[in-house]
Each structure stands twice: as structure tokens, then as C-alpha cells.
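What follows is a set of notes on a single structure, which appears directly below.
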Amino acid sequence: MTELGADSWPPAPIRTDRLVLREADARDRPAFVELFASPEVGTFVGGARPREDLEAAMPEVPGRRPGSFVVERDGAMIGVVTLDPGKDGRTDLGYLFLPHAWGHGYAAEACGAALGWFADARPGEPVSLVTQTANGRAMRLAARLGFTEVERYEEYGAEQWHGVRGGGGSEPGTAAD
């Protein structure tokens with residue numbers, strides 16, 4: 001993917017039944033700190049970062065860049081979904097949610113909405129997802145969203161799963177949870 005430009009970013013907020021996907025703003029900073037300092041969130045993404053380091057280094061408006069959506073529920077940030085330029089002309093899907101938001105289907109709903117927006121903005125472009133095979137929730141979500149396994153490999157001391165969606169490959173799955 002070439003970086004999303006002024007013609008496509010930022011989009012108007014994307015609304016689902018329960019969520020709003022929008023560009024980050026200053027009120028999200030405490031939730032970003034909480035997200036990256038959380039040991040639970042860090043389990044499969046290299047670990048939590050020290051809160052003090054995050055507080056010192058985090059910009060006033062974190063996460064404001066093309067392809068990065070804040071996921072909001074009832075007026076508060078509960079997570080982020082990202083669509084970033086990746087290898088081989090693909091776009092990489094990433095997501096992180098605060099632990100209190102786990103188990104409610106928000107990741108499926110938010111990722112499904114972001115992928116739908118992306119399919120309209122960049123028709124036919126494939127999307128890639130990498131997760132550890134030990135992350136059962138992420139593996140189930142990848143299948144639900146229509147990602148098809150391309151490869152498995154060892155990295156960061158764990159088995160990684162790489163899947164692709166779109167671009168002549170698999171069709172989207174449902175985003176219900």
C-alpha cells in the first residue's frame with residue numbers, strides 16, 4: 001500500500017451499531033498510555049512498556065496518522081485499529097484493545113468496519129495480518145474476518161501466523177462476535 005493521502009485520510013468517523021472509529025485527539029492520550037502499559041495487552045506484542053516512559057514520550061495527540069483509527073465506545077477510547085503499509089504491496093491490519101473491552105466482539109466489529117472502509121478506499125488491495133499462533137482469540141478473529149493462512153514462521157521466540165484477505169484472495173468473513 002502506498003501511504004493513505006489527503007484524498008482518503010482522515011475519513012469521516014465510521015459508525016457501527018456500538019462503536020465509532022475516528023481519528024485520534026488529545027483526550028485519547030490517557031487511554032493510549034493505559035493500552036501500551038497494560039501487561040495483558042502486551043502479552044503477544046512484545047510486552048508492556050513502563051508507564052513513566054510512555055507518559056514522558058507520548059505526544060499530546062498520539063496515534064494521529066493515516067491508517068490509524070481510535071475505537072470509541074460510549075464516548076471513550078477502548079482500542080485502536082491500524083492499516084499500515086506492509087511488505088509485498090499489502091496493507092497490514094493491526095489492533096489493540098484495553099482488557100476491559102475484551103470478549104464483547106468489539107475487535108471483530110471495529111476491524112470489520114475498518115476493512116470495509118479500506119475495501120472502498122483501495123478496491124482490490126490485499127490486507128495482511130500477523131499474529132502469534134498462541135493467541136487463540138486473534139486466530140479466531142482472523143478466520144472470522146476472512147483471512148487465509150499464507151505461512152507460519154518463528155520470530156520473537158514464538159510461532160507467527162501470517163494471513164491475507166482480499167486482492168483476489170479470500171472474501172471477507174462476518175464481523176459479528
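If you take OG on Ser68 and CG on Leu21, they are separated by 10.0 Å, rounding to the nearest 0.5 Å. Of the inter-residue distances, the one linking Asp74 atom CG with Leu19 atom CG reads 9.0 Å to the nearest 0.5 angstrom. The distance from atom CE of Met77 to atom CG of Leu35, rounded to the nearest 0.5 Å, is 5.0 Å. Between Leu129 atom CG and Thr91 atom OG1 the span is 12.5 Å, to the nearest 0.5 Å. Atoms CD1 and NE2, on Ile78 and His100 in that order, are 6.5 Å from each other to the nearest 0.5 Å. To the nearest 0.5 Å, atoms CH2 (Trp102) and CZ (Phe97) are separated by 11.5 Å.
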Practice problem: Determine, stepwise, if the pair Leu115 / Arg165 fulfils side-chain contact (heavy atoms from CB on, under 4.5 Å). | Solution: CA-CA 10 Å; Leu115 289 167; Arg165 174 185 189 265; 3.4 Å; yes
Exercise. Would you check, one step at a time, whether the test side-chain contact (heavy atoms from CB on, under 4.5 Å) holds for Met58 with Val33?
Key: CA-CA 8 Å; Met58 186 143 325; Val33 169; 4.1 Å; yes
Quiz prompt | Test side-chain contact (heavy atoms from CB on, under 4.5 Å) applied to Val127 and Asp92, step by step | solution = CA-CA 6 Å; Val127 179; Asp92 293 333; over 6 Å; no
Quiz item: Run the ring-ring contact (aromatic ring centres under 6.0 Å, His included) check on Phe69 and Trp117 step by step: do they pass?
Solution: CA-CA 11 Å; Phe69 293 96; Trp117 170 82; 5.5 Å; yes
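Between Glu55 and Arg29, at least one side-chain N (NZ, or NE/NH1/NH2) sits under 4.0 Å from a carboxylate O, which counts as a salt bridge. Taking 4.0 Å as the cut-off between side-chain N and carboxylate O, Arg22 and Asp28 count as a salt-bridged pair.
Alongside Val130, the hydrophobic cluster contains Tyr153 (criterion: ILVMFWY side chains under 4.5 Å).
Side-chain contact between Asp84 and Arg65: present, with at least one pair of heavy atoms (C-beta onward) separated by less than 4.5 Å. You'll find the side chain of Leu98 stays beyond 4.5 Å of the side chain of Tyr106, heavy atoms only. Side chains of Thr82 and Tyr95 form no contact here, defined as non-hydrogen atoms less than 4.5 Å apart. The shortest distance between side-chain heavy atoms of Val81 and Leu93 falls below 4.5 Å. Two residues are said to be in side-chain contact when any heavy atoms from C-beta on lie closer than 4.5 Å; Met139 and Thr131 meet this criterion. Side-chain contact between Val150 and Trp161 is absent, with no heavy atoms from C-beta onward closer than 4.5 Å. Gln132 places none of its side-chain heavy atoms less than 4.5 Å from the side chain of Thr43. By the 4.5 Å heavy-atom criterion applied to side chains, Glu154 and Gln160 are not counted as neighbours.
Between Ala108 and Arg144, the shortest heavy-atom contact is CB-NH1, 4.0 Å. Looking at every heavy atom in both residues, Val20 comes nearest to Pro13 through CG1-CB, 3.9 Å. Contact between Leu83 and Ala114 at its shortest, heavy atoms only, is CD1-O, 3.9 Å. Taking each heavy atom of Leu54 and Ala37 in turn, the nearest pair found is CD1-N, 3.5 Å. Pro126 and Val164 make their closest contact through CB-CG1, 4.0 Å (heavy atoms, listed as atom of the first residue, atom of the second, distance). Nearest heavy atoms, Ala24 versus Val61: O-CG1, 3.7 Å.
Shown are Glu155, Glu151, Glu149; of these, the side chain to side chain donor-acceptor pair (under 3.5 Å) with His162 is made only by Glu151. Of the residues Arg15, Arg18, Arg27, the one that meets the salt bridge (Lys or Arg N to Asp or Glu O under 4.0 Å) test with Glu72 is Arg27.
Judged as a salt bridge (Lys or Arg N to Asp or Glu O under 4.0 Å), the pairs with a partner in residues 33-45 (not counting sequence neighbours) are, in order, Glu34-Arg51.
Connection of Leu96 to Phe44 is not established within any shared hydrophobic cluster, with ILVMFWY side chains joined at heavy-atom distances below 4.5 Å, either directly or through further cluster members.
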